[in-house]
2 protein chains.
Amino acid sequence: MSDEQRQRQRLDISRHAVRLFAEQGVAATSGEQIAQAAGVSERTFWRYFPHKESCVEPLLTKMVDAFCVVLRAWPPELELIDHLREAYTPVLDSASDEDVEAVLEVVRLTHGEPALRAAYLMLRERAEDALADVLAKRLDLPPTAIEVKVQAAAMSAVLKVATDDVAQASVEGVTQAGLDGHREQLATTLSLVLRCLSQAAAG
Amino acid sequence: MSDEQRQRQRLDISRHAVRLFAEQGVAATSGEQIAQAAGVSERTFWRYFPHKESCVEPLLTKMVDAFCVVLRAWPPELELIDHLREAYTPVLDSASDEDVEAVLEVVRLTHGEPALRAAYLMLRERAEDALADVLAKRLDLPPTAIEVKVQAAAMSAVLKVATDDVAQASVEGVTQAGLDGHREQLATTLSLVLRCLSQAAAG
DNA sequence: GCGCTTTATGGCACTCACTGCCATAAAAGT
DNA sequence: ACTTTTATGGCAGTGAGTGCCATAAAGCGC
C-alpha cells in the first residue's frame with residue numbers, strides 16, 4: 001500500500017474521531033466506536049493509531065505542514081510580514097472548510113481535555129523543530145544554536161496565541177474576515193518578534 | 001490527612017518510580033511494581049497518581065516551583081542577571097543531591113520516552129503560565145497580553161535549552177562547576193532575551 | 001490467465017492501566 | 001468511649017493497546 005493511501009486513510013479516520021471527540025468527549029469515545037465510524041475493524045484502527053489521542057494528529061499536522069511549507073518558501077529578501085500576506089492565504093484555501101473547522105475544534109477541545117492537550121503539545125514541539133530548521137538556514141546557524149531555538153520558541157508562542165484566538169473567535173463558524181484578521185495579527189507580531197530577536201542575536 | 005503529608009508521600013513514590021523508569025524503561029515498569037517499591041498497595045498508588053507518567057511530576061515541580069519562587073522574589077530595581085546570580089544557587093542547595101540527579105535523569109529520559117515527554121511538556125506549560133504571571137506583574141500588563149505570553153515563552157525556551165544542556169552534561173554526575181556554568185548561561189541569555197523583548201513591547 | 005510472495009486486514013485472546021464498590025482501619029472530633 | 005470522617009486495601013470490571021495467527025487482497029513473474 002502506498003504511503004499516500006495510508007495518509008489518506010489516517011486522515012479519514014482522524015475526521016471521524018475528532019467529530020466523536022467533540023460530540024461526546026474523548027474519554028467517552030472508545031476505539032471501537034471510532035473504528036466503526038470509520039468503517040475499519042478495531043484491530044486495524046489500532047494499527048493506524050498507537051493511541052486514541054493521536055487521532056487528532058493527521059488533521060493538525062496537515063495545517064502545521066502547510067504553514068511550514070509557506071515558511072520554507074520565504075524568500076530571503078522579503079520581509080516576513082509581506083511574505084505571509086502574500087502566501088498564507090492559499091494555505092487556508094487549500095484545505096476544505098470542514099477540515100479548518102475541525103482543526104479549530106480540536107484546538108478548543110485541548111482546553112479541558114488533558115489527553116488532547118498532551119498530544120497537541122507533542123505536535124507543537126515537532127513543529128517548533130521544523131521552525132528552527134527554517135530559521136537556522138536563514139540565519140546560517142546550526143539548528144541547535146540557542147538563538148535559533150529561542151527565536152523558534154518565540155515564533156511558536158505567537159502562533160499558539162494566534163491560533164487560540166482564532167479558534168476562540170470562530171466558535172460559531174469561521175469567516176473570511178476572521179481568518180484575515182488572524183493572518184494580519186500573526187504577521188505583524190511575528191515580524192516584530194523576529195526582527196527584535198535577530199538584532200539581539202547579532203549584537 | 002494534611003496536604004503536606006500527601007505531598008511528601010507523592011514525592012516519595014515519585015522517587016521510586018523515577019528510579020524504576022530509569023532502570024528498566026517506562027513501559028516495562030508496571031504500576032504494581034512502583035506501588036510495591038514505594039510500600040503502598042496498588043490501589044492507593046493509583047489514587048495518588050492518575051497516570052503512570054505523572055509519577056515524575058512531584059520531583060519536577062519541586063524544581064520548577066523553586067525557580068518560580070526565585071523569580072517572584074526578583075526585585076524590580078535589580079537586573080535579572082544579578083538577581084539570578086544571587087538567588088539561584090540556594091535553589092539547588094535546598095534540594096538533596098539525589099533529587100537533583102533524579103530530575104536531570106527524568107529530563108534525559110524524556111528524549112526517548114514519549115509518554116514522559118508529554119508529561120514534561122504539560123508541566124512546562126503550567127510553568128510557563130506561572131512565568132507569565134510574574135512577568136505580567138512586572139510589566140503591569142494582564143497575563144493574557146501577547147507581549148507577556150511571548151516573553152514567557154521565550155524565557156521558557158531558554159530554560160528548556162539550559163536544562164537540557166546541564167542534563168546532558170551531567171550524565172556522569174553533577175558537579176558544582178557544571179551547575180555554576182548552567183546558572184551563568186541561563187542568567188545571561190535570559191537577561192538578553194528579556195531586555196530585547198521588553199524594548200519591542202514598549203516600542 | 002495462473003501460482004507465488006508480500007502485505008493489509010480481521011478475529012481472538014491477552015496484558016495492563018485505571019476505576020468503582022465495598023469493607024475495614026485509622027484518625028479526628030465531641 | 002462513641003461517632004463520623006477519611007485513608008487504605010481487596011476485588012472485580014472496563015477499556016486501551018498488543019501479539020498471534022488465519023485469511024484476503026494486492027503485486028509480480030510466468
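In the text below, chain A, chain B and the rest are named by the order of the sequence lines, each starting its count at 1. Hydrogens, waters and symmetry mates are skipped; everything else that's a heavy atom, side chains included, is used.
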Margin query: Go nucleotide by nucleotide along DNA chain C from the 5' end; which of Val26(B) and Gly39(A) gets its closest nucleotide reached first?
Written below: Gly39(A)
Notebook entry, point to check: Under a 4.0 Å N-O cut-off, is there an ion pair linking Arg19(B) with Glu105(B)?
Noted result: no
Margin query: On the nucleotide dT9(C), are OP1 or OP2 found under 4.0 Å from the side-chain N or O atoms that Tyr48(A) carries?
Written below: yes
Check: Would one find a side-chain N or O of Ser30(B) under 4.0 angstrom from OP1 or OP2 of dC16(C)?
Finding: no
Check: To the nearest angstrom, how far is Gln24(B) atom CD from dC16(C) atom C1'?
Finding: 15 Å
Notebook entry, point to check: Taking CD from Glu53(A) and P from dG15(D), how many angstroms apart are they, rounded to a whole number?
Noted result: 16 Å
Notebook entry, point to check: Contact class for Thr29(B) (heavy atom, under 4.0 Å): base, sugar-phosphate, or nothing?
Noted result: sugar-phosphate
Checklist line | N-O pairing of Glu128(A) and Lys149(A) below 4.0 Å | finding: no
Next item on the list: Please check if the side chain of Thr189(A) supplies one atom and the backbone of Val158(A) the other of a donor-acceptor pair under 3.5 Å.
Entry: no
Next item on the list: Using a cut-off of strictly less than 4.0 Å, decide whether Ser41(B) has a side-chain nitrogen or oxygen near OP1 or OP2 of dG9(D).
Entry: yes
Notebook entry, point to check: How many Å lie between CD on Glu32(A) and C1' on dA13(C), as a whole number?
Noted result: 15 Å
Next item on the list: Test Leu159(A) against Ser156(A) for side-chain contact (heavy atoms from CB on, under 4.5 Å), laying out the working first.
Entry: CA-CA 5 Å; Leu159(A) 269 170; Ser156(A) 184; 5.5 Å; no
Margin query: Tell me the interatomic distance from Trp46(A), atom CH2, to dG10(C), atom P, rounded to whole angstroms.
Written below: 15 Å
Check: Is any side-chain nitrogen or oxygen of Gln5(B) closer than 4.0 Å to OP1 or OP2 of dA26(C)?
Finding: no
Note to self: Quick check on dA16(D): is either OP1 or OP2 less than 4.0 Å from any side-chain nitrogen or oxygen of His51(A)?
What the structure shows: no
Checklist line | Per Arg43(B) side chain, nearest of listed nucleotides dC18(C), dG9(D), dC12(C) | finding: dG9(D)
Item checked: Distance-only donor-acceptor test (3.5 Å): side chain Arg47(A), base dG17(D) -> no
Next item on the list: Grab the CZ-C1' distance between Phe49(A) and dT9(C) for me, whole Å please.
Entry: 16 Å
Check: Whole-Å distance between dT6(D) P and Gln9(B) CD?
Finding: 18 Å
Next item on the list: Rounded to the nearest angstrom, tell me the gap between atom CZ in Arg6(B) and atom C1' in dA27(C).
Entry: 16 Å
Margin query: What is the distance, to the nearest angstrom, from the CZ atom on Phe45(A) to the C1' atom on dT18(D)?
Written below: 14 Å
Note to self: Check Asp164(B) with Arg108(B), please: is the shortest side-chain N to carboxylate O separation under 4.0 Å?
What the structure shows: no
